[in-house]
Amino acid sequence: MLGLRTGICLPQTILARSTSSSNCQSQYNHPRSMFEKITNLDDALILFDEMTQRQPLSSVLKFNQLLQAVTKMKHFASSIELFKQMNPLCIPFNVYTINIVINCCCKIYRTNEGFALLGYGFKHAIEPNVFTFSTLLNGLILEDKVLIAERFFKKLIKEELCDPNVIMYSTMIKGLCKCGINDKALALLRLMDKKGYKPNVVTYNTIIDSLCKDEIVDDALKLFKHMVFDKNIRPTVVTYNSLIRGLCNLCRWDEASKMLKEMEAEGVFPDVWTFNILVDTLCKEGKVEDAEGVIKLMIQRGKDPDVVTYSSLIDGYCLQGEMRKAREVLDSMEFRGLIPTIVTYSSLLNGYCKKSRIEEAMNLFQEIIKKGLKPNVITYNTMLQGLFLIGRYKDAYKLFSEMRSQNVIPDRCTYTIVLEGLCNNNQVDEALSLFRLMGDNKLNSYINVYIILINGASKSGKLDIARNIFKNLNDKGLEPNVQTYNVMIGVFCREGLMGEAKELFIEMEKRGCSPDSVTYCVILQGFIKKEEHGMIETLLKEMEDKGFSLDASTLSMRCYINYIRKVNYKRRLPGQEETRKAFGYHSDSTIIGSHQFKVSNVITKVSGDGLWLNEAPTEDQNTKRSHFQPPPYHPVADH
DNA sequence: GTAGGGTTAG
């Protein structure tokens, strides 16, 4: 692991420096204006009233400072409200004012109103500048309207509506990263560099972080090196945090540890975020004791653990099933003066639910409400899942109604949980009527919902309904995906309706949805049950041609193995030949998600006696692997 | 002399 129990070895002098600097802070951090002293909204409002009545009237500057102070406290709606009040009082405003208020609109996801303000500004002869446009651009991105943002950005540049700068480009890059278009983000990075808008550390951090999130850490590291060595830009703690998180997520602990040492050697010191990343990933890996060690270390370093730190720890204990300890952590937070958020509580709630300790979950849920916290959609989803899990579907349904009466809008997860919960508890009719009630709801276009219902209906013997749901997909303008086909084919196979299964199997290909290895295995199992050897041979041949391998799912392995076993049994052969036929070109080591395992181990395990298979296939060991590798990226090559 | 961009939690 990270060797954190022994601590990251920081020289004493550095430790001394970091503690003394925090002591000195008050000495150097004198508020620059009286507005920076304002720490609560009430004071700001009182001051605002006073300023509006003052004669002569306070300057625009003063009003702007006040608005900004309110904004800094994240009271965005209040800021907007104050601006609205300024209007009838004929208090003058300028482009700074407009920019502050537009920013507030954007931060509460009301970018449209931000654009309206832009118009309002025009009416008052206030000309927007690059700040105005960057803020609006950011607003669109915050609302996930990246395509519109991109159009807006291009228009600004093309029509030269403002002088773009590094922030504007960086904002656009953030938008591209947000929807996972890393390539385009990188292209824009190169373009801005070429045009002379020098990307800075924030620009690089944005892309580095995005690459790390997409688990393309090697590319992130390349970009990092490019930034440091070719561009001479010093990384900040944010850069290191992104990289460390990326490495930890991939369990590349040694490199993460190295990165920690490297940052310290470079004079960039871990902050609360850095420690939280370590705590969080260690907890997720089940190393809660190590996480506790990190917390001790951070305290030693004068970095106070915060709500996020303890929330991760609670998550860690829940994952281990140590609910008592998880609860203790929560209680200790209040003792330390940290106020747990709804996220903290939801983690604990999730722990109770997963352990089917529903009474404690219910009590905690009540406790949350008593504390004045508002359960969010995640809280409700967690609770619903717990109730369905132990079969209390009536209570779950009641809670589902309650959440809506509390104005918590169910999301995709909620519907999936409720529909699946009802189906699993033999309440398919309820599920179907809820589905009908959903009507034109956006969630109706969520394909998973159909998969659940098709499965549910067929399992409770309502084959016609399952068939109809599938057929109706077209009417809703939905194209079945491979998973939907797999489920429907699976239903037919289960019912022994191999004719219909085969028909659908052919149809999907025709409609441009190629069967995947799951499809093959599902249908293969159907034919194996019917002992239609001709079809089995054909399908196996097709799979071989398509290069489908064992690693797609456990199901697929069972398919092969059952078949081979059968053949072996009938022919009374050691089975080496058949094994090669089935596994021949596949690699020995395969990856499912992030878990790696040896096919040979599994085979020996499944075959049990190991009589006919004790040798792993050897041909083309690495052909399948390359499939899982990220596309190559060489930022340096372009320069 | 006032405004805009980057990192954690199911």
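Reminder, nothing fancy here: chain letters follow the sequence lines and each chain counts from 1.
- With rounding to whole Å, A/N165 atom CG is found 9 Å from B/dG5 atom C1'.
- When distances run from any side-chain atom of A/S59 to the nucleotides B/dG1, B/dG4, B/dG10, the shortest one goes to B/dG1.
- Of all nucleotides listed (B/dT7, B/dA9, B/dG4), B/dG4 comes nearest to the side chain of A/I167.
- The side chain of A/N241 lies closest to B/dT7, out of B/dT7, B/dA9, B/dG10.
- Separation of atoms CD (A/Q65) and CE (A/M51) is listed at 8.5 Å; rounding is to 0.5 Å.
- A/K287 has no carboxylate O lying under 4.0 Å from a charged side-chain N of A/E285, or vice versa, which leaves the two without a salt bridge.
- Within the structure, a side-chain polar atom (N or O) of A/Q68 is placed less than 4.0 Å from OP1 or OP2 of B/dA3.
- The aromatic rings of A/Y120 and A/F93 sit parallel, their planes meeting at an angle under 30°, below the 60° perpendicular limit.
- Following rounding to the nearest Å, A/M192 (CE) and B/dG5 (C1') show an atom-to-atom distance of 10 Å.
- Taken from CG in A/L338 to OG1 in A/T344, the straight-line distance is 9.5 Å, to the nearest 0.5 Å.
- The aromatic ring of A/Y96 does not sit over the base of B/dA3, since the test of centres under 5.5 Å and planes under 30° is not met.
- Look at CZ on A/F131: it is 6 Å from C1' on B/dA3, rounded to the nearest Å.
- A salt bridge links A/E367 to A/R327: at least one charged side-chain nitrogen sits closer than 4.0 Å to a carboxylate oxygen.
- Contact of A/T135 with B/dG4 (side chain to base): no donor-acceptor pair of N or O atoms is detected under 3.5 Å.
- Nucleotide B/dA9 holds its C1' atom 12 Å from the CD1 atom of A/I342, rounded to whole Å.
- Side-chain atoms of A/S170 come within donor-acceptor range of the base of B/dG5, with a qualifying N/O pair under 3.5 Å.
- In this structure, A/S312 reaches neither bases nor backbone, as no heavy-atom distance under 4.0 Å exists between it and the strands shown.
- Within the 4.0 Å cut-off from OP1 or OP2 of B/dG4, at least one side-chain nitrogen or oxygen of A/N103 is found.
- Considering only side-chain N and O atoms, A/K174 lies nowhere under 4.0 angstrom from the phosphate OP1 or OP2 of B/dG4.
- Residue contacts for A/T97: at a heavy-atom cut-off of 4.0 Å it reaches no nucleic acid atom on any strand shown.
- At a threshold of 4.0 angstrom between heavy atoms, the contacts of A/K107 are confined to the sugar-phosphate backbone, with no base atom among them.
- Across the protein-nucleic acid pair, A/L156 atom CG and B/dG4 atom P stand 18 Å apart, rounded to whole Å.
- Going from atom CE of A/M86 over to atom C1' of B/dT2 covers 12 Å, rounded to whole Å.
- Between A/Y240 and A/F269, the gap from one ring centroid to the other reaches at least 6.0 Å.
- Salt-bridge annotation for A/K284 and A/D280: present, with a side-chain N of the basic residue lying under 4.0 Å from a carboxylate O of the acidic one.
- In this structure, A/T236 reaches the bases: a heavy-atom distance under 4.0 Å links it to at least one base atom across the strands shown.
- Using a 4.0 Å heavy-atom distance criterion, A/N276 is classed as a base contact.
- If you check distances only, the side chain of A/D315 never reaches the base of B/dG10 with a donor-acceptor pair under 3.5 Å.
- Side-chain N/O atoms of A/N64 and base N/O atoms of B/dT2 include a donor-acceptor pair closer than 3.5 Å.
- Contact annotation for A/S346: no contact, since no heavy-atom pair falls under 4.0 Å across all strands.
- Atom pair A/L117:CG and B/dA3:P shows a separation of 17 Å (rounding to whole Å applied).
- Within the 4.0 angstrom heavy-atom criterion, base atoms lie near A/V130.
- Between A/N381 atom CG and B/dA9 atom P there is a gap of 17 Å when expressed in whole angstrom units.
- Side-chain N/O atoms of A/N138 include one lying less than 4.0 angstrom from OP1 or OP2 on B/dG5.
- You'll find a donor-acceptor pair under 3.5 Å spanning the side chain of A/N129 and the base of B/dA3, going by distance alone.
- Within 4.0 Å of A/I100, counting heavy atoms only, lie sugar-phosphate atoms of the nucleic acid but no base atom.
- As judged by a 4.0 angstrom heavy-atom cut-off over every strand, A/T379 is placed among residues making no nucleic acid contact.
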